[in-house]
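The block underneath contains the structure these notes are about, expressed in structure tokens.
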Amino acid sequence: MFALADCNNFYASCERVFQPQLENKPIVVLSNNDGCVVARSQEVKDLGIKMGVPLFQIKEQVKLHHIRVFSSNYTLYGDISNRVMSTINQYAPNYEVYSIDEIFIDLKGFEKHYNLIDYCKEIRYVVKRNTRIPISIGIAPTKTLAKVANKLVKKKFKADGVCYLKTQEDVKELLKDFDVGDIWGVGRQYEKLLKKHGIDTALKLMNANDSWIKKNLSVVGLRLVNELRGMPCIELDEVPADKKNICVSRSFGHMIADVKILEESLSTHANTASEKLRKQGSNASSISVFLQTNRFRSDLPQYFNTKQIELPFATNDSANIIKAALKGLYLMFRSGYLYKKCGIYLNELTPANEVQLNLFVEEDSEKKKKLNKAVDILNTKWGRGALKYAVQGTEKKWKLKNECLSKSFTTKLAEVPRINLNL
DNA sequence: TCTGGGGTCCTAGGACCC
DNA sequence: TCTGGGGTCCTAGGACCC
């Protein structure tokens with residue numbers, strides 16, 4: 001038996017934690033660069049504002065309904081997420097943190113000692129009490145059904161906050177009018193295909209023909225169908241696997257023509273990517289970098305390019321990776337364009353303790369490894385970017401737009417809320 | 001004016017081997 | 001006219017997730 005706990009309107013709820021005056025007020029949270037809506041409070045969902053719309057397209061509604069607008073504050077959301085997760089895992093030793101606002105927990109055997117609905121209601125109550133974040137919980141025999149149950153809480157059983165698909169009859173009854181496109185693993189393309197063939201509900205998908213599913217939706221689809229039938233095919237992933245690729249990219253706050261500023265931006269992304277690589281204890285054997293103009297500006301000349309650079313040996317040294325990234329940049333760069341975005345991928349990741357020796361090139365020295373370690377420790381202590389490479393520059397002319405950023409209430413001493421007491 | 005970022009898995013098809 | 005059979009590895013592209 002699994003449960004999926006999911007934070008309601010997570011980013012919007014985080015903004016309310018230290019600003020209770022926002023309770024019951026419409027809130028949207030924007031993507032990086034204050035571009036698109038990536039999170040909405042219930043009030044905004046009720047207004048019919050869709051996920052992912054660009055802010056400029058809803059300017060009128062924002063004004064009309066006094067919608068509070070926030071830039072995304074991942075420092076805050078990440079910290080609140082950790083608090084929610086650690087509260088929940090006190091109730092379930094086996095769990096998988098699936099995303100910033102979702103956690104699967106293993107409830108196998110719990111039904112012998114507890115009423116599962118009451119147990120999950122208590123989790124909800126304590127999470128709300130400890131963190132002020134409202135959550136919903138779906139309980140079912142497979143992860144896919146737990147996802148369905150979780151969605152049903154929001155659609156049908158909001159007041160309960162918990163939905164338990166206990167028997168096969170419950171499942172059939174509730175899947176009967178559950179839209180096939182709302183199932184975990186059915187995206188836009190599969191939804192279109194399934195509906196074209198008359199499979200428009202979860203129940204119909206559950207009863208679909210196996211070989212047709214395998215042929216059209218591959219083994220992934222077949223697994224999904226079996227999960228709907230109550231046959232667990234997707235296990236709890238308790239230890240997150242090492243990343244196989246690491247990507248760091250950002251749009252610029254303004255369009256950029258100057259290669260000097262591109263150097264600063266790309267080397268900063270290369271440095272961040274190297275930090276991530278060291279954090280998971282891996283090396284990269286090759287990187288690729290990309291550079292692109294603003295694809296929405298059809299009035300401007302467009303350019304996109306990407307370059308793959310083989311590293312002489314597997315490394316996680318920032319200096320090596322920055323050097324390779326810049327080499328790629330010089331190969332790609334063409335003057336006369338206004339650029340909007342660049343980024344780096346680290347590929348062919350291998351464990352850092354298994355470096356293949358190269359007969360002709362000397363691999364990273366102990367000295368370099370110590371240097372990176374020291375830099376990482378200092379940046380952890382004093383904040384990202386406390387120590388950086390000169391090529392990263394100091395002006396950050398390329399930096400993101402985030403004009404509506406709330407404070408880092410829980411992670412920056414200077415921004416911790418103050419309370420005046422008149423005793 | 002203005003349009004996000006970071007991942008995974010699977011399959012088909014080509015290149016190559018004997 | 002007519003041209004085998006079986007396998008691996010790699011990559012690009014397409015699907016999905018948050």
Side-chain angles (χ1 to χ4, degrees), chain A residues 4-7 9-11 28-39 50-60 62 69-74 77-78 81 96-104 143-144 147 150-151 180-194 213-224 227 233-234 237 240-255 265 269 272-273 276-277 280 286 288 290 292-300 302 306 308 338 340-349 399-404:
Chain A
L4 173 69
D6 156 306
C7 303
N9 315 317
F10 183 55
Y11 297 170
V28 294
V29 179
L30 304 176
S31 59
N32 275 329
N33 251 331
D34 293 348
C36 298
V37 171
V38 294
K50 294 267 183 280
M51 178 72 171
V53 290
L55 176 64
F56 72 91
Q57 287 177 6
I58 55 162
K59 271 269 148 71
E60 293 295 311
V62 168
V69 177
F70 290 94
S71 304
S72 28
N73 184 347
Y74 289 108
Y77 311 153
S81 170
E96 170 189 350
V97 174
Y98 178 65
S99 75
I100 194 165
D101 68 338
E102 288 169 273
I103 179 171
F104 282 105
K143 284 170 92 176
T144 305
K147 273 279 208 180
N150 184 280
K151 210 149 224 179
V180 77
D182 285 340
I183 299 170
W184 188 42
V186 178
R188 262 208 289 273
Q189 301 303 319
Y190 286 169
E191 179 183 359
K192 210 159 56 178
L193 179 80
L194 289 168
I213 293 293
K214 169 124 197 265
K215 186 162 161 255
N216 290 281
L217 278 71
S218 86
V219 295
V220 183
L222 195 54
R223 202 152 55 203
L224 187 163
E227 283 250 320
C233 306
I234 309 174
D237 225 340
D242 282 349
K243 301 268 180 271
K244 296 173 179 171
N245 297 288
I246 289 174
C247 170
V248 177
S249 75
R250 290 289 181 283
S251 302
F252 311 129
H254 304 279
M255 289 193 280
S265 160
H269 299 335
T272 309
K276 288 188 183 184
L277 191 59
Q280 83 161 30
S286 81
S288 40
F290 67 89
Q292 68 190 59
T293 50
N294 188 343
R295 65 201 167 95
F296 295 102
R297 291 293 298 272
S298 47
D299 54 322
L300 295 174
Q302 295 290 315
T306 168
Q308 186 174 346
L338 289 171
K340 184 62 181 172
K341 184 174 177 179
C342 71
I344 179 169
Y345 286 88
L346 307 183
N347 305 316
E348 298 171 65
L349 307 192
K399 73 164 190 287
L400 296 172
K401 198 164 89 182
N402 51 7
E403 289 168 350
C404 320

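Between the P atom of B:dT8 and the CZ atom of A:Arg223 lies a distance of 15 Å, rounded to the nearest Å. B:dG7 atom P lies 12 Å from atom CG of A:Asp242, rounded to whole Å. In this structure, NZ of A:Lys50 is placed 22 Å from P of B:dT3, rounded to the nearest angstrom. Rounded to whole Å, the distance from OH on A:Tyr98 to C1' on C:dC16 is 9 Å. At whole-Å resolution of the value, CZ in A:Arg188 and P in C:dA15 are 11 Å apart. Distance A:Asn150 CG to C:dC17 C1': 15 Å, rounded to the nearest Å. One atom, CD of A:Gln280, and another, C1' of B:dG7, lie 12 Å apart when rounded to the nearest Å. Summarising the geometry, the separation between CD1 on A:Ile213 and P on C:dA15 is reported as 16 Å, rounded to the nearest angstrom.
Contact annotation for A:Ile100: no contact, since no heavy-atom pair falls under 4.0 Å across all strands. Residue-level contact check: A:Asp34 touches neither bases nor backbone, having no heavy atom under 4.0 Å from any strand. Nucleic acid contact for A:Ile183: sugar-phosphate only, since backbone atoms but no base atoms lie under 4.0 Å from a heavy atom of the residue. Using a 4.0 Å heavy-atom distance criterion, A:Val219 is classed as a sugar-phosphate-only contact. Across all strands, A:Lys341 comes closer than 4.0 Å only to sugar-phosphate atoms, never to a base (heavy-atom distances). Within the nucleic acid shown, A:Lys147 comes within 4.0 Å of sugar-phosphate atoms alone, with no base atom in reach, counting heavy atoms only. As judged by a 4.0 angstrom heavy-atom cut-off over every strand, A:Asn33 is placed among residues making no nucleic acid contact. In this structure, A:Lys243 reaches the sugar-phosphate backbone alone: every heavy-atom distance under 4.0 Å involves primed, P, OP1 or OP2 atoms, never a base. Using a 4.0 Å heavy-atom distance criterion, A:Lys340 is classed as a sugar-phosphate-only contact. Using a 4.0 Å heavy-atom distance criterion, A:Glu102 is classed as a sugar-phosphate-only contact.
Between A:Trp184 and A:Tyr98, the ring-plane angle classifies as perpendicular under the 30° and 60° cut-offs.
For the C1' atoms, the distance linking B:dG4 with C:dC17 amounts to 15 Å, nearest Å.
For A:Arg250, a side-chain nitrogen or oxygen approaches OP1 or OP2 of B:dG6 to under 4.0 Å. OP1 and OP2 of B:dT3 both lie 4.0 Å or more from every side-chain N or O belonging to A:Arg297. OP1 or OP2 of B:dC9 lies within a sub-4.0 Å distance of a side-chain N or O belonging to A:Lys244. Neither OP1 nor OP2 of B:dG6 sits under 4.0 Å from any side-chain N or O of A:Asn245.
Side-chain proximity of A:Ser99 to the nucleotides B:dT3, C:dC18, B:dT11 is greatest for C:dC18. In this structure, of B:dG5, B:dG7, B:dT3, it is B:dG7 that holds the atom nearest to the side chain of A:Cys247. Closest to the A:Tyr190 side chain, of the nucleotides B:dT3, C:dA15, B:dG5, is C:dA15. Of the listed nucleotides (B:dC10, C:dC18, B:dG6), B:dG6 has the atom at the smallest distance from the side chain of A:Ser249. Distances from the side chain of A:Asn32 to the nucleotides B:dG4, B:dC9, C:dC17 place B:dG4 closest. Closest to the side chain of A:Asp101, from the set C:dC18, C:dA15, B:dT8, is C:dC18.
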Dot-bracket encoding of pairs in DNA chain C, which uses [ ] for pseudoknotted crossings and | for another strand, Watson-Crick or G-U under 3.5 angstrom: ....||||||||||||||

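Exactly one of A:Asn32, A:Asp34, A:Asn402 qualifies for a side chain to side chain donor-acceptor pair (under 3.5 Å) with A:Ser71. That residue is A:Asp34.
In terms of position on DNA chain B, the residue among A:Met255 and A:Val248 whose nearest nucleotide sits closer to the 5' end is A:Met255. Projected onto DNA chain B by closest heavy-atom contact, A:Lys401 and A:Ser218 fall at different nucleotides, the more 5' of which corresponds to A:Lys401.
Relative to the ring axis of A:Phe104, A:Lys143 places its NZ or CZ within 45° and under 6.0 Å from the centre.
Residues A:Leu30 and A:Val38 fail the side-chain proximity criterion, which asks for heavy atoms closer than 4.5 Å. Counting heavy atoms from C-beta outward, A:Phe290 and A:Tyr345 have side chains that approach closer than 4.5 Å.
When the salt bridge (Lys or Arg N to Asp or Glu O under 4.0 Å) test is applied to A:Asp6, the partners found at least two apart in sequence or on another chain are A:Lys154.
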Pair A:Lys147-A:Glu102, salt bridge (charged side-chain N to carboxylate O under 4.0 Å, His left out): steps then yes or no: CA-CA 10 Å; A:Lys147 273 279 208 180; A:Glu102 288 169 273; 2.4 Å; yes

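A:His269 and A:Gly343 make their closest contact through CD2-CA, 4.4 Å (heavy atoms, listed as atom of the first residue, atom of the second, distance). Counting all heavy atoms, side chain and backbone alike, A:Leu193 lies closest to A:Leu217 at CD2-CD1, 3.8 Å.
In this structure, a donor-acceptor pair under 3.5 Å is present between the side chains of A:Thr144 and A:Glu227.
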